[in-house]
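Chain naming here is simple, since letters A, B, ... match the order of the sequence lines and numbering starts at 1 in each.
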Protein chains: 2
Amino acid sequence: MTDGANTMADGKPERISEAEYAVMEALWVRSPLTAAEVCEEVCQSRDWSLATVKTLLSRLVTKQAIATEPDGRRFLYRPVLARTDYLGGESRRLVDRLFGGRAAPLFAHLAEQEALTDADIAEMETLLKELRK
Amino acid sequence: MTDGANTMADGKPERISEAEYAVMEALWVRSPLTAAEVCEEVCQSRDWSLATVKTLLSRLVTKQAIATEPDGRRFLYRPVLARTDYLGGESRRLVDRLFGGRAAPLFAHLAEQEALTDADIAEMETLLKELRK
DNA sequence: AGTCTGCGATTACATCTGTAGGCCAATCGA
DNA sequence: TCGATTGGCCTACAGATGTAATCGCAGACT
């Protein structure tokens, strides 16, 4: 954690919906951003209006996933929830919910679906070696 | 992306909610079951009423995740959606949505969280060997 | 100073989800 | 045969989510 972003051990991290996640993604790539800038990043691909983005931003503020800082007359938005924490949490949730907390069966399913690329396999081998050390 | 037709016959795999999933689990363990039997399996742990289970069952029928067969005056419910297909689909969704379709970063996250047991690691090594052949 | 304009806040509304109650037909026990 | 029970179906309703329009204010422009 080179970064000062607190991982903030608040009791219950409020769930982030799929639409909200798209907004988070933009902010994880670059931040802080204004609402309009976020819209530039996501409105084309999802076919949203600026109003929609604003709603999502304020919901994310409520959920304390992002924070605002005043910049003159408007706000800049930046993530509070770290991308890593979110990804880790979601991954964990899936594994717990569907695979009894075991990662191996998940891996097996992905393999069965041929969802693993050669690069994945190579990377994971490296990873596993690391873990055994 | 060669999206292609899914393994199943139906064109659009309707999303199954978390509560509905609990019902599916019971039916994947044993089927066909009556509504009351499903309730016996899940009502204690989730603190549901029979009415709730019935609602979930009918929603699952609508979503074509399960099917009914008449048994005298009542119905027996059995899964149409295979557990494997569901798990595979959900895993795939997560990987696609959060990790750009790459499995390796998912495992990196799980590893970082220490969500991998020794058994997982061993199993995955075996699996990887299989895959390299 | 007065208007225009861009911005966050407020409000709206349809759908989905969680959770359940009530209605009505069929069936079983007496 | 007739009521009690069981079971599916329809209805309900609050909260979350997707999607957006509108309101009111603080600066910018003239």
Side-chain angles (χ1 to χ4, degrees), chain A residues 12-27 31-78 80-81 86 89-90 93 97, chain B residues 12-27 31-78 81 86 90 93 97:
Chain A
K12 55 158 178 192
E14 199 107 36
R15 296 285 291 133
I16 290 175
S17 78
E18 211 156 317
E20 287 158 1
Y21 170 73
V23 167
M24 292 302 293
E25 264 191 331
L27 292 172
S31 79
L33 294 181
T34 66
E37 285 167 337
V38 171
C39 187
E40 270 165 38
E41 297 298 325
V42 301
C43 284
Q44 293 105 57
S45 43
R46 316 263 308 203
D47 195 38
W48 281 343
S49 79
L50 175 59
T52 300
V53 171
K54 286 181 183 177
T55 299
L56 295 173
L57 282 169
S58 56
R59 286 183 185 167
L60 285 167
V61 169
T62 300
K63 294 182 180 180
Q64 293 184 293
I66 64 180
T68 55
E69 71 190 64
D71 171 55
R73 68 203 223 68
R74 66 222 166 131
F75 281 157
L76 296 181
Y77 298 88
R78 73 165 69 247
V80 169
L81 174 66
Y86 177 75
E90 288 299 300
R93 184 189 316 283
R97 200 167 68 84
Chain B
K12 48 154 183 198
E14 200 110 32
R15 295 283 296 133
I16 290 175
S17 79
E18 211 156 316
E20 286 159 1
Y21 172 72
V23 168
M24 292 302 292
E25 264 190 330
L27 291 172
S31 77
L33 295 181
T34 66
E37 285 166 338
V38 171
C39 187
E40 270 164 39
E41 296 298 325
V42 301
C43 284
Q44 294 106 55
S45 42
R46 316 264 309 202
D47 194 39
W48 282 343
S49 78
L50 176 59
T52 299
V53 171
K54 285 181 184 178
T55 300
L56 294 173
L57 282 169
S58 57
R59 286 181 184 167
L60 285 167
V61 169
T62 301
K63 294 181 179 181
Q64 293 184 292
I66 64 179
T68 55
E69 71 190 65
D71 171 56
R73 72 202 217 69
R74 65 226 168 124
F75 282 158
L76 297 181
Y77 298 88
R78 74 165 69 246
L81 175 65
Y86 177 74
E90 288 300 299
R93 276 175 50 81
R97 198 166 70 84

Quickly work out the [X] [atom1] to [N] [atom2] distance and round it to whole Å.
X       : N      : atom1 : atom2 : answer
B:Glu20 : C:dC16 : CD    : P     : 11 Å
B:Leu57 : D:dC10 : CG    : P     : 15 Å
A:Arg15 : D:dT17 : CZ    : P     : 8 Å
A:Asp71 : D:dA26 : CG    : P     : 17 Å
A:Glu18 : D:dT19 : CD    : C1'   : 15 Å
A:Asp47 : D:dT19 : CG    : P     : 9 Å
A:Leu60 : D:dA16 : CG    : C1'   : 14 Å
B:Leu56 : C:dT19 : CG    : C1'   : 8 Å

Practice problem: Check whether any side-chain heavy atom of A:Gln64 lies under 4.5 Å from a side-chain heavy atom of A:Glu14, and answer yes or no. | Solution: no

Practice problem: Indicate yes or no: at least one non-hydrogen side-chain atom of A:Leu27 is less than 4.5 angstrom from one of A:Leu57. | Solution: yes

Categorize [X] for me: base, sugar-phosphate, or nothing, with a 4.0 angstrom heavy-atom threshold over every strand shown.
X       : result
B:Arg73 : base
B:Tyr21 : nothing
B:Thr34 : nothing
A:Ser17 : sugar-phosphate

Practice problem: Using atom types as modelled and distance alone, determine if a side-chain donor or acceptor of A:Gln44 lies under 3.5 Å from a backbone N or O of A:Glu40. | Solution: yes

Self-check item: Phosphate-side-chain proximity, A:Ser58 and C:dG8, N/O vs OP1/OP2 below 4.0 Å
Solution: no

Quiz item: Does the side chain of A:Thr52 get closer than 4.0 angstrom to OP1 or OP2 of D:dA20 through an N or O atom?
Solution: yes

Self-check item: Under 3.5 Å donor-acceptor pair, B:Ser49 side-chain atoms to C:dA20 base atoms
Solution: no

Could you check which of [options] has an atom nearest any side-chain atom of [X]?
X       : options               : result
B:Ala35 : D:dG27, D:dG8, C:dT19 : D:dG8
A:Tyr77 : C:dG18, C:dG8, D:dG7  : C:dG8
A:Ala19 : C:dC7, C:dG21, D:dG18 : D:dG18

Quiz item: Between A:Arg93 and B:Glu18, is there a salt bridge with N-O shorter than 4.0 Å?
Solution: no

Quiz item: Hey, is B:Glu41 close enough to B:Arg46 for a salt bridge, meaning N to O under 4.0 Å?
Solution: no

Practice problem: Using the closest heavy atom to pick a nucleotide of DNA chain C for each, name whichever of B:Arg59 or B:Lys54 lands nearer the 5' end. | Solution: B:Arg59

Practice problem: Please figure out whether A:Arg46 or B:Arg74 has its closest DNA chain D nucleotide nearer the 5' end. | Solution: B:Arg74

